[in-house]
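This is the structure, below, for whatever I ask next.
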Amino acid sequence: MLRGFKTNILSVSDALKIKALKAILLYVRELFAIMFGCKCFYWNTPADFSQPFQPQPYSLPAPIPQWPEGESFASGRISLGEIQVIKITKFEFIWGYNLSQDKKKGVTFYKPVGIPDGFYCLGHYCQPNNLPLRGFVLVAREVPIYSPENAHTCDPIKPPALQVPLDYMLVWSPNDGGDEKYGDCGYIWLPQPPEGYKPMGYLVTNKPEKPELDEVRCVRSDLTDECEIYRLILDVDYKFPNLPFRVWSIRPHHRGMLEKGVPVGTYFCSSYWIPGEDMPIACLKNLNRTPPAMPNLDQIHALIHHYGPTVFFHPEEIFLPSSVTWFFKNGAQLFKAGSLYGEDIDANGSNLPGGGTNDGEFWIDLPSDDRREIVKHGNLESAKLVVHVKPALGGTFTDIAMWVFCPFNGPATLKVGLLNIALSKIGEHVGDWEHYTLRICNFTGELWSIYFSQHSGGQWVEAYDLEYIEGNKAVVYSSRSGHASYPHPGMYLQGSAKLGIGVRNDCARSNLYVNSSIHYELVAAEYLGDEVITEPFWLHFMREWGPTIVYDSRTELDKLINLLPVMLRYSVENIFDKLPIELSGEEGPTGPKEKNNWVGDERS
């Protein structure tokens with residue numbers, strides 16, 4: 001009997017035996033972790049019978065061109081004042097952790113390699129395994145600062161910009177405090193800075209010994225800025241409830257074209273951190289009055305020609321874009337509160353009241369004559385993207401915001417399960433400004449990501465998740481009637497995807513498109529100075545580009561809701577109550593310069 005049993009086992013293929021043994025070991029490992037509180041995550045070790053999964057590096061579809069000559073844009077190095085930084089994108093694997101047997105669902109911790117002489121590591125890097133390896137960390141060196149205005153002053157000598165830490169604190173331990181040490185596990189260390197300095201990130205080892213003090217540098221506090229958590233990278237709370245541990249990517253807390261915070265590319269991790277508490281690490285700060293690595297005028301045009309996306313409108317779109325000049329030339333009118341009649345607007349908008357705030361004293365409307373319906377539908381041939389270029393993330397990136405103007409925003413279409421309901425008025429308004437933003441890395445001139453504005457919010461999409469039409473030119477899809485921007489074709493639901501209830505945003509490729517690499521107008525780049533770009537008059541019109549018309553949208557919605565099964569009515573009402581305010585009446589939007597993201601960062 002035993003002999004027969006043994007014979008049956010030996011007849012199983014080696015591959016199946018190894019697979020079964022591996023599954024047993026994984027189960028026992030997790031069982032021990034839960035039973036004994038072992039803090040060692042045994043993953044990507046020799047017991048896995050395989051090499052650690054390594055995300056592959058990502059490159060844009062086409063080579064980056066040689067940019068026109070300038071200062072330090074795309075030079076590989078950026079001065080932040082007292083320190084100079086370089087972006088490192090080559091890494092050495094240190095330790096990986098997987099939440100399941102699928103190693104693509106894990107995360108990996110790396111250390112930067114190929115650091116030039118004289119530059120120092122500020123922290124390590126971490127990312128999910130299911131994404132291409134496209135992160136970075138900054139390395140820094142101290143540079144002498146000289147300026148004529150302080151050459152004869154007697155200011156006390158400042159301490160060094162960079163200092164080695166005094167010690168390391170173990171943030172996550174692979175044991176319970178006993179004498180036994182576990183090898184090939186992750187040990188995450190926080191540098192303990194000298195007084196007046198701050199760490200920029202953590203170091204990771206796969207052995208219990210502390211890193212050498214010389215492996216990292218802390219930065220003088222006045223050269224740093226506050227950071228905040230951004231995207232969750234790892235959460236092991238549900239896997240090991242008694243061992244909470246989370247890892248986040250981080251970004252500067254203060255962001256916008258006037259802010260100085262610079263991301264280092266490191267991460268934040270903790271077992272018991274509560275949002276709102278002070279973080280033990282910081283980001284860098286650019287002390288230069290004007291960021292030296294921003295592109296000049298020739299480089300801006302070269303960037304737009306190389307990266308400018310093609311904007312596709314839905315094949316059934318009837319409310320198309322136009323240029324602002326075409327809109328004015330074809331009868332757009334300026335109205336003043338208390339006046340029944342509008343005033344024709346000059347082709348360049350010179351008679352529009354500039355400055356001030358959106359006080360309701362003035363607004364723009366469609367022509368009042370027989371041209372009204374014609375202007376509503378726009379003029380694709382005249383359409384061009386309105387471009388604003390500004391520093392981002394302390395001048396280490398350039399944001400190229402590209403605005404699309406449509407004379408009219410069409411009515412919404414509701415989706416309730418399998419039922420689609422075209423509304424007659426809800427969602428309509430005169431004048432529609434939508435945009436997307438290219439984020440360019442100032443170290444290399446590489447397209448890093450694109451922000452897609454979507455009604456009252458939006459999303460950043462990394463370069464590796466974009467759709468490209470030619471070379472490094474991405475595709476932007478403008479949704480039918482509402483003109484929100486999306487990275488891929490399809491139906492995007494504004495509401496509850498789980499219930500299938502909300503406002504439809506339909507996107508598809510068609511022969512209705514605008515190539516923004518050719519058809520654009522550069523209207524502002526404040527960092528270049530007042531003399532370089534002349535801003536158009538209409539850009540300073542801070543009021544609404546359409547009249548306010550309040551109507552009882554609830555009546556139309558209630559009629560629709562009453563036609564639905566009783567079990568759906570409460571859910572539908574709940575979702576409709578949370579939809580944007582523009583669905584409750586017609587109200588023209590303000591122009592680009594009045595938006596908070598003109599100076600501030602995108603909403604994300």
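Since the model is a prediction, treat every value here as computed from it, not as a measurement. Any value given below was found using the heavy atoms of this structure, including those in side chains, with hydrogens, waters and symmetry copies removed.
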Rounded distance (nearest 0.5 Å) linking atom OG of Ser516 with atom CE of Met402: 3.5 Å

Parallel, tilted or perpendicular, as decided by the 30° and 60° cut-offs, for the rings of Tyr267 and Tyr202: parallel

Heavy-atom closest pair, residues Gly395 and Pro291: CA-CB, 3.8 Å

Separation of Ile440 CD1 from Thr396 OG1 (nearest 0.5 Å): 12.5 Å

Heavy-atom donor-acceptor pair, Tyr97 side chain to Phe109 backbone, under 3.5 Å: no

Arg134 side, atom CZ; Gln56 side, atom CD - distance, nearest 0.5 Å: 15.5 Å

Side chain proximity check, Leu223 to Leu284, heavy atoms < 4.5 angstrom: no

Smallest separation among heavy atoms of Tyr110 and Ile94, with atom names: C-CG1, 4.1 Å

Side chain to side chain contact (heavy atoms under 4.5 Å, CB included) between Val164 and Arg217, intermediate numbers included: CA-CA 5 Å; Val164 297; Arg217 292 293 186 272; 3.1 Å; yes

Whether Thr266 side chain and Met200 backbone form a donor-acceptor pair below 3.5 Å: yes

Heavy-atom check, side chain of Pro252 versus side chain of Asp225, under 4.5 Å: no

Minimum heavy-atom distance between Pro128 and Val107, given as atom pair plus value: CA-CG1, 4.0 Å

Rounded distance [0.5 Å steps], CZ in Phe119 versus CD in Glu142: 12.0 Å

Heavy-atom side-chain contact between Trp448 and Phe136 under 4.5 Å: yes

Between Tyr451 and Ser485: side-chain donor-acceptor atoms closer than 3.5 Å: no

Sidechain-backbone polar pair: Asn442 side chain, Arg77 backbone, donor-acceptor under 3.5 Å: no

Over 12 foreign heavy atoms within 6.0 Å of CD, Glu277: yes

Gap between atom OG1 of Thr205 and atom CD of Glu212 - 0.5 Å precision: 11.5 Å

Audit row: Thr108, Phe93, side chain to side chain contact (heavy atoms under 4.5 Å, CB included) steps and yes/no: CA-CA 7 Å; Thr108 300; Phe93 172 89; 3.3 Å; yes

Trace of the salt bridge (charged side-chain N to carboxylate O under 4.0 Å, His left out) decision for Arg231 with Glu462: CA-CA 13 Å; Arg231 292 172 176 163; Glu462 301 297 324; 3.4 Å; yes

Polar side-chain atom of Asn288 near backbone of Thr290 as donor-acceptor pair, under 3.5 Å: no

Modelled atom types, side-chain donor and acceptor of Glu228 and His253, under 3.5 Å: yes

Step-by-step salt bridge (charged side-chain N to carboxylate O under 4.0 Å, His left out) determination, Arg255 to Asp601: CA-CA 6 Å; Arg255 298 180 307 281; Asp601 195 18; 2.9 Å; yes

Pairwise side-chain contact, Ile78 with Phe443, heavy-atom cut-off 4.5 Å (strictly under): yes

Worked check of side chain to side chain contact (heavy atoms under 4.5 Å, CB included) between Val262 and Leu138: CA-CA 10 Å; Val262 172; Leu138 300 186; 3.8 Å; yes

Within the 6.0 Å centroid threshold, strictly below: Tyr486 and Tyr492: yes

Under 3.5 Å donor-acceptor, Gln459 side chain and Phe452 backbone: no

Shortest non-hydrogen contact from Cys227 toward Ala282: SG-CA, 3.9 Å

Leu393/Arg251 under side chain to side chain contact (heavy atoms under 4.5 Å, CB included): CA gap, chis, key distance, verdict: CA-CA 9 Å; Leu393 302 177; Arg251 63 182 181 179; 5.5 Å; no

Worked verdict on Arg439 versus Glu602 for salt bridge (charged side-chain N to carboxylate O under 4.0 Å, His left out): CA-CA 11 Å; Arg439 179 155 285 179; Glu602 303 290 358; over 6 Å; no

Side chain Asn296, main chain Gln299, donor-acceptor under 3.5 Å: yes

Arg509 vs Glu467, salt bridge (charged side-chain N to carboxylate O under 4.0 Å, His left out): CA-CA, chis, key distance, verdict: CA-CA 12 Å; Arg509 191 175 290 205; Glu467 180 181 332; 2.5 Å; yes

Between Asn472 and His306, a side-chain donor and acceptor under 3.5 Å: yes

Val387 and Val389, any side-chain heavy atoms less than 4.5 Å apart: yes

Flag side-chain contact, heavy atom, 4.5 Å: Tyr168 against Glu215: yes

Residues Lys285, Glu226: salt bridge by 4.0 Å N-O rule: no

Check: Pro391 main-chain N/O paired with Thr398 side-chain donor or acceptor under 3.5 Å: no

Closest non-hydrogen atom pair between Ile450 and Ala474, with its separation: CD1-CB, 3.8 Å

Heavy-atom side-chain contact between Lys198 and Arg220 under 4.5 Å: no

Closest non-hydrogen atom pair, Leu122 against Ala140: CD1-CB, 4.1 Å

Test item: Asn505 and Leu493 side chains (from C-beta on) under 4.5 Å apart, heavy atoms: no

Ring centers of Trp403, His388 separated by less than 6.0 Å: no

Within the 6.0 Å centroid threshold, strictly below: Tyr125 and Phe91: yes

Spacing of Asp399 atom CG and Ser449 atom OG [to the nearest 0.5 Å]: 8.0 Å

Parallel, tilted or perpendicular, as decided by the 30° and 60° cut-offs, for the rings of Tyr513 and Phe312: tilted

Asp465 versus His488, side-chain donor and acceptor atoms under 3.5 Å: no

Tyr464 and Tyr58 aromatic ring geometry - parallel, tilted or perpendicular at 30°/60° bounds: perpendicular

